[in-house]
A.B. asks: 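For reference, the structure I am asking about is given below.
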Amino acid sequence: MKTAALSLLLLPVLALAQPGVEPPRHEFVIHNFHTELGATLPEARIVYATWGTLNADKSNAILLPSHYMANYHGYDWLMGPDKALDSSKLFLVATELFGNGRSSSPSNTPEPFHGPRFPVMTIRDNVNAVHQLLMDDLKIAHLRAVIGFSMGAQQAFQWGVSYPEFMDRLVATSATAKTYGHGFVRLESQIAAITTDPAFQGGDYKTPPVKGLEAFAIVWSPWLYGQEWWRQELWRTTMPPGTTFEQAVERFRHRFNADANDYILQARTWQHHNVGDTQGFGGDVEKALRSIKVPLLYMPSETDLYFPLSDARYEAPFIPKGTLMPIPSVWGHTAGAASNPADGKFLNEKISAFLSTK
């Protein structure tokens, strides 16, 4: 996978990260993995990394599930001796979503599941696979917390519903427990931008559908940040001095260069998420949210256009031990992953306090 595409949602975030020593990359393989929608992958591979040391009673592990097209460095902004997660005290496990190009994906899976034939994976598929990874590979039967941003936060909500006693706490930033109709249609429009490129050829392209990826990027860009971010021209803070607006638009146009089928697969995963579809809840998101047993810190961005604050305000009252704490930011969706220093400070302080509360 082209590394330039690993954190396309959050181009500024990696500049803020202090990754230190590169952690060892691990792979966990599940044979004959049965997906929720009925397919069976001969091998399902999950890439992950760990920081720190698991203590004797295995009580210091925290899971950090990745977001859209990100790798295990997607939470560097939260790690460090002066951050919420200090790996000298904690054992941090960062996993990568199916479809990111490193874990099992359309681009790296052989036939009969290569490219457009790769099955749609749900958030529950990802959570169930990581649960098996923790239990079988790391021998961890309980987590101190699951912390997630965006599609990582979708996973955090699902952990609370699927495995309600597996962790002590949950943190969800810039996401909701269900992708509602508006979000589904937004993602569909972005998928259409790729698939309408003649070079796409139904997903069996011989060369990348470059024009489709450019259209995808342009459709994506205005949704990524809030309108106020654009009015204040805060794109200037993420680009070289002297960059004009026209040049900035061109940079946005060319920021997506990973595999097109991988982008689409993860968008489908995003589209299909609803904790209410978990077995036993009959599609009822409210009933599913009521089943979450542990404290949950719910941190939507005030200006998120992907997961609007109004959706979070609808969901939060159903979570028995939920705390709704909006991020006061004009940085839209990216605020939930510390795309600027002020949001990074807010997130680290609030998450640190939440994890420390008895």
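Computed over heavy atoms, backbone and side chain alike; hydrogens, waters and symmetry mates excluded.
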A.B. asks: Charged N to carboxylate O under 4.0 angstrom, Glu188 versus Arg186?
C.D. replies: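 Result for this pair is no, no salt bridge flagged.
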A.B. asks: Please write out which residues are connected to Leu37 in a hydrophobic cluster, directly or through intermediates, given that two of Ile, Leu, Val, Met, Phe, Trp, Tyr count as joined at side-chain heavy-atom separations below 4.5 angstrom.
C.D. replies: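 Via sub-4.5 Å side-chain contacts, Leu37 links to Val120.
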A.B. asks: Closer than 3.5 angstrom, by distance alone: can the side chain of Thr303 be matched with the main-chain N or O of Gly226 as a donor-acceptor pair?
C.D. replies: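 Looks like no, no N/O pair under 3.5 Å.
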A.B. asks: Check this for me, if you would: do Lys83 and Asp76 make a salt bridge, where the nitrogen-to-carboxylate-oxygen distance has to be below 4.0 angstrom?
C.D. replies: no
A.B. asks: Between Trp220 and Tyr263, does the ring centre distance come in under 6.0 Å?
C.D. replies: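 No, they do not, as the ring centres are separated by 6.0 Å or more.
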A.B. asks: Taking only residues two or more places apart in sequence, or in another chain, which ones meet Lys89 in a side chain to side chain contact (heavy atoms under 4.5 Å, CB included)?
C.D. replies: Asp86
A.B. asks: Going by an N to O cut-off under 4.0 Å, is there a salt bridge joining Glu27 and Arg25?
C.D. replies: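 Looking at Arg25 together with Glu27, the answer is yes, because their closest N to O distance falls below 4.0 Å.
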A.B. asks: Could you measure the distance from the CG atom of Leu138 to the CG atom of Leu54? Nearest 0.5 Å is fine.
C.D. replies: 8.0 Å
A.B. asks: What do you reckon, are the aromatic ring centroids of Tyr306 and Tyr225 less than 6.0 Å apart?
C.D. replies: no
A.B. asks: Taking only Lys NZ, Arg NE, NH1 and NH2, and the carboxylate oxygens of Asp or Glu, determine whether Glu36 and Arg124 approach each other closer than 4.0 Å.
C.D. replies: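 Looking at Arg124 together with Glu36, the answer is yes, because their closest N to O distance falls below 4.0 Å.
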A.B. asks: Yes or no on salt bridge (charged side-chain N to carboxylate O under 4.0 Å, His left out) for Glu96 and Arg102, after CA distance, side-chain angles and deciding distance?
C.D. replies: CA-CA 8 Å; Glu96 299 187 4; Arg102 302 193 339 159; 2.7 Å; yes
A.B. asks: What pairs with His182 under ring-ring contact (aromatic ring centres under 6.0 Å, His included), at least two apart in sequence or on another chain?
C.D. replies: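 Testing His182 for ring-ring contact (aromatic ring centres under 6.0 Å, His included), a comparison that skips the adjacent residues, returns Trp223.
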A.B. asks: Check whether NZ of the Lys or CZ of the Arg Arg169 lies under 6.0 Å from the centre of the six-membered ring of Phe354 and within 45 degrees of that ring's axis.
C.D. replies: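 Relative to the ring axis of Phe354, which defines the angle, Arg169 lies inside both limits.
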